[in-house]
Amino acid sequence: MQKYNPKKIEKKWQEYWAKKPKLSAADEKSKNPKFYCLDMFPYPSGDGLHVGHVEGYTASDIYSRYQRMIGKNVLHPIGWDAFGLPAENFAIRTGVHPAKSTQKNIKTFTKQIKSLGLAYDWSREIDTSSPEYYRWTQWFFLFLYKHGLAYRKKAKVNWCESCKTVLANEQVEDGVCERCKNEVIQKDLEQWFFKITDFAEDLIKDLDKIDWPESTKTAQKNWIGKSEGATVKFKINKDYNLEVFTTRLDTIFGCTYCVVAPEHSLIEKLKLQIKNLKEVEKYVKLAKKKTDLQRTELQKNKTGIEIKGIKAINPFTNEAVPIFVADYVLSTYGTGAVMAVPAHDERDFEFAKKYKLGIKQVITPNLDAYEDTVRILEVLRKINNAAKKENLKIWLLGGLGCAFHATIIYRACEDLDLIARDDIEFKKAIRLFEKLGFKKIKEKKLSEGLTNYIFADKEGIEIDIGPNVGEWGLLKKDFEEDKKNLNGFEAYVLSKKFHVNLKELLQKKRNKEIDNMDLAYLQGKVLVEDGFLVNSGKYSGLASEKVREEMANWLEKNKLGKKTTTYKLRDWLISRQRYWGAPIPMIHCEKCGWQMVPEKDLPVLLPKVKDYRPKGTSPLGTNKDFVNTTCPKCKGKAKRELDTMDTFVCSSWYFFRFADSKNQKEFASKDKIKKWLPVDLYVGGAEHTVLHLLYARFFTKALHKYKYIGFNEPFAKLRHQGLVIAEDGRKMSKSLGNVINPDDIVKQYGADVLRLYEMFMGPLEDSKIWNTKSIVGLSRFLDRVWKLSAKRKTQNAKTQLKTQNLDNLIHKTIKKVTEDIENLHFNTAISSMMILVNEMEKENIIQITNYKLLITLLSPFAPHIAEELWHELGHKKSIFLEKWPQYDPKLVVEKEANIVVQVNGKVRDQITVPADAKENDIKRLAFESEKIKKYIPNVDNIRKIIFVPGRLINFVV
RNA sequence: GGGCAGGUGGUGGAACGGCAGACACGCUAGCCUUAGGAGCUAGUGCCGCAAGGUGUGAGGGUUCAAAUCCCUCCCUGCCCACCA
């Protein structure tokens with residue numbers, strides 16, 4: 001037999017399979033249960049296939065080959081997500097029509113995919129840029145339009161004044177145009193939207209019934225961003241209420257101002273009453289010019305301006321608060337207006353700090369602490385007054401575990417003139433406490449003849465007074481000049497329950513970092529969590545969660561607001577002022593308005609143009625024959641919509657098309673959809689976690705709502721392949737020059753080796769680092785498999801006895817490989833086959849049945865070599881028509897067990913016993929062991945025995 | 001800043017309450033070969049000649065037994081990011 005030469009055999013079998021397309025095709029007539037295994041179809045970029053593609057495609061190839069071999073009728077299709085920006089940019093650069101470059105790329109991809117031995121049903125191949133396909137993309141647009149799920153409204157686009165063009169987000173770098181480096185501004189243009197928000201609730205709810213990675217599900221939930229809260233009406237005058245949305249109605253007593261987004265209608269409506277209208281309008285104009293990026297970049301430096309002349313009345317307190325316009329409030333979320341509670345919201349806090357607005361605490365994390373604080377405050381005042389009378393200066397500190405209370409105390413301390421500077425003052429202070437009814441409860445001798453005293457009053461408020469020794473190391477280091485002051489005496493006021501060290505507070509004060517309202521400095525952050533209400537009228541003392549409910553009910557009863565649920569999810573803007581996409585099938589008539597292109601006129605063909613550059617509107621506008629048309633309704637002159645659709649629209653329904661890719665009457669027939677869908681296993685990159693997967697679910701739900709299909713989730717089971725990282729630990733990228741081209745690996749080692757290597761690298765879903773050196777291991781493995789064929793012998797009685805152990809192992813391997821494929825644990829499946837091969841190598845003779853079992857197990861992973869070895873045995877049909885092997889349960893059971901003997905949980909010995917050995921026998925055997933005798937000289941000392949059948953016995957002494 | 005995933009030898013990883021390091025790469029020694037990015041044999045977590053000890057990011061806890069479960073902290077990667 002010749003040496004293993006992948007180049008030769010792989011080409012041979014690829015040609016063989018190409019001649020037998022049924023091997024990889026779905027069977028429309030079969031009565032076997034169906035299995036739809038789908039890869040995320042690739043964008044055929046000029047760079048060719050990436051090793052990341054190979055990973056996902058190999059995984060789904062193994063899985064679908066396996067499904068076929070266990071008797072399923074498998075649909076495993078492939079196609080091209082062919083519209084998109086890179087082809088268009090290439091056209092702008094070179095003048096080559098995108099269709100041409102795309103077709104060329106598709107050819108490359110096809111060749112590459114075939115060279116990997118991936119078993120796709122090529123008869124169903126689709127290309128989203130072909131009119132046969134995008135005809136149905138356009139049909140979907142009309143379908144959504146007919147049901148009110150597609151609509152037109154003004155929306156912001158990135159606009160470059162110097163290029164006079166609309167830019168995609170990717171073309172805006174740091175707020176400037178990537179081509180001319182001019183500032184990008186925001187311009188309102190009429191755009192088409194899909195009303196995905198109609199399905200927000202279902203898109204969250206139905207995640208429960210699909211088998212997807214939890215991380216993907218939560219990412220979708222976060223993206224949809226459901227928040228439950230309330231809208232509240234703040235009265236401005238008798239005709240106008242400012243409606244705000246809040247999830248923290250419980251903090252409303254702490255609202256010290258309101259903020260509206262620059263786009264808010266209030267500014268226009270109350271124009272006449274606004275005293276500083278010019279200023280406000282100037283701010284609004286400036287804010288509107290900012291891109292989203294610029295707005296978010298300024299997170300830490302919020303801007304805004306008060307709208308003078310109007311106030312908003314808090315319905316709970318009847319207080320009138322100022323109104324600001326600021327671009328940290330988003331016009332597109334909630335009502336575009338918020339009530340600001342700086343004490344309990346970081347953004348509001350930051351803004352309040354900057355513009356010196358009121359900060360009012362209304363939530364405490366600990367009601368007891370809060371009450372204690374109030375009492376401590378009283379004590380402090382009492383001491384302060386008494387000390388003043390005696391002309392005594394005492395530094396009193398007080399506080400609790402919660403910085404909020406520390407703040408309050410701190411503020412009270414402001415007017416206390418602090419420290420006892422010497423022994424005389426210290427003694428005076430002690431006398432003063434006694435006079436005020438404090439009793440000395442503890443006395444602690446410190447070094448150098450100094451003493452620390454603790455006083456307490458009847459209510460348990462404690463004063464801890466003593467010298468400053470070493471406690472302030474930090475301060476000493478940082479504030480050398482203050483050293484003298486620190487060598488005095490200090491006193492803490494404490495409550496029984498909460499002890500406090502206000503060292504940090506003092507440090508900040510000395511550093512002059514603290515201003516009166518600066519809560520953030522004191523606690524590092526604003527208290528945004530739920531807690532208990534304080535300073536909130538009749539709601540004080542109650543828990544946040546409960547109060548929100550009560551307050552919302554009160555609002556509803558008094559018609560001042562209502563419970564509201566909002567979502568972050570926005571409607572999907574699908575208009576692209578771009579050439580290389582599916583034209584939007586709409587016509588605008590001066591008389592009749594927007595009209596659908598009649599279905600019979602689809603597809604609206606993408607016209608030929610000379611200049612692909614966007615010009616403010618899509619390049620389609622340069623073709624006058626395309627632009628000018630007749631109105632489908634009045635037959636008068638009309639103009640076509642010039643924009644194309646976002647490529648995500650094309651990929652939102654492609655999995656339906658695979659069920660019936662040649663259908664000329666429908667996007668897919670109801671029967672075929674019913675036969676093949678939903679997708680049973682969907683494999684693809686995690687970068688599509690939100691957009692593509694969410695859009696595909698939206699389309700499915702829309703079809704379901706209007707009774708086109710009988711299910712409402714497209715992908716029953718989803719798995720992501722992990723990233724393949726370059727050898728240098730960075731992402732593979734052309735500019736870094738660390739990209740691995742799968743063609744090179746195929747050329748050097750063969751497709752089977754590449755497939756095995758990528759599967760052996762690690763768990764499918766983990767990101768893995770590419771290591772070219774390691775590939776050779778898989779090459780050696782296949783080489784060994786190849787060489788085994790020399791040892792195979794037909795079965796006879798003599799060899800049977802000899803190979804008993806191997807029979808055992810092979811059936812264990814069948815079990816393991818089968819389970820691993822089911823769970824997509826391909827790395828361990830391969831390693832178990834390696835173990836088998838290592839054992840087989842040691843034998844002189846291998847039974848033919850066992851040899852066949854091995855190559856059948858290997859066949860989904862390394863199809864070429866398996867097919868070659870199979871035919872080499874004299875078979876005339878493909879190995880992929882074989883049934884998947886079944887293991888013999890009798891052969892999988894171990895006859896002997898290795899029992900680990902532990903003493904106090906540490907392994908001290910091992911004994912081999914029959915698999916069904918009883919605890920008593922094992923115990924006896926264990927005690928015979930010299931090693932165990934060493935650790936347990938006296939059997940009577942054993943306190944406890946833990947016995948795990950077939951595994952271990954543990955003696956506790 | 002938020003969410004998610006993760007941290008195990010020189011490397012990729014295995015084990016996912018019960019022998020830590022399967023399998024593979026690399027490395028070391030020997031054999032074979034005209035030669036080796038070939039093949040074969042043996043070894044390979046760390047400390048130690050050995051007996052033995054020690055070891056899964058750090059610290060604590062639960063348990064007869066923890067890489068695995070719970071708490072605190074640290075680090076890395078990915079995604080989202082002013083959503084009231």
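Each chain gets a letter, A, B and so on, in the order the sequences are listed, and its residues count up from 1.
- A/T564 and A/T231 share a donor-acceptor pair across their side chains, judged by distance under 3.5 Å alone.
- Residue A/K773 is classed as a sugar-phosphate contact, given heavy-atom separations below 4.0 Å to backbone atoms only.
- Atom NZ of A/K568 is separated from atom P of B/G2 by 13 Å (rounded to the nearest Å).
- Between A/R908 atom CZ and B/G53 atom C1' there is a gap of 10 Å when expressed in whole angstrom units.
- Atom CD of A/E263 and atom P of B/C82 are 14 Å apart (whole Å).
- In this structure, of B/C4, B/C19, B/A84, it is B/A84 that holds the atom nearest to the side chain of A/S227.
- Between A/I946 and A/G225, the one whose closest nucleotide on RNA chain B sits nearer the 5' end is A/I946.
- Set against B/C82, B/C23, B/G13, the side chain of A/S831 has B/C23 as its closest nucleotide.
- Summarising the geometry, the separation between CG on A/L693 and P on B/C79 is reported as 15 Å, rounded to the nearest angstrom.
- Rounded to whole Å, the C1' atom of B/G6 lies 11 Å from the corresponding atom of B/G57.
- Listed candidates were B/C82, B/G37, B/C4. Nearest to the side chain of A/Q748 is B/G37.
- A/Y333 and A/T566 form a side-chain donor-acceptor contact under 3.5 Å, judged by distance and modelled atom types alone.
- A donor-acceptor distance shorter than 3.5 angstrom exists from the side chain of A/R248 to the backbone of A/V528, with no hydrogens or angles considered.
- When distances are taken from the side chain of A/Q902 to each of B/A24, B/G18, B/C25, the shortest belongs to B/G18.
- Of the candidate nucleotides B/A20, B/C25, B/A84, B/C25 has the atom nearest to the side chain of A/V776.
- Among the atoms of the strands shown, only primed sugar atoms or phosphate atoms (P, OP1, OP2) are found under 4.0 Å from some heavy atom of A/N827.
- Out of B/A84, B/C25, B/C40, the shortest distance to the side chain of A/R784 is found at B/C40.
- In the set B/C64, B/G13, B/U54, the nucleotide with an atom closest to the side chain of A/K906 is B/U54.
- Side chain of A/V329, nearest nucleotide from B/G37, B/A14, B/A84: B/A84.
- Checked by atom type, the side-chain pair A/D348/A/Y328 shows a donor-acceptor distance below 3.5 Å.
- Taking every side-chain heavy atom of A/W223 into account, B/A81 is the closest of B/C4, B/C64, B/A81.
- Of the candidates B/G37, B/A24, B/C25, B/G37 carries the atom nearest the A/Y749 side chain, counting heavy atoms from C-beta on.
- Within 4.0 Å (heavy atoms only), A/S767 reaches sugar-phosphate atoms of the nucleic acid but no base atom.
- Tested against A/Y257, the residues A/Y355, A/F349, A/F351 include a single ring-ring contact (aromatic ring centres under 6.0 Å, His included) partner, A/F351.
- Taking the nucleotide of RNA chain B with the nearest heavy atom to each of A/T216 and A/R780, the more 5' of the two is matched to A/T216.
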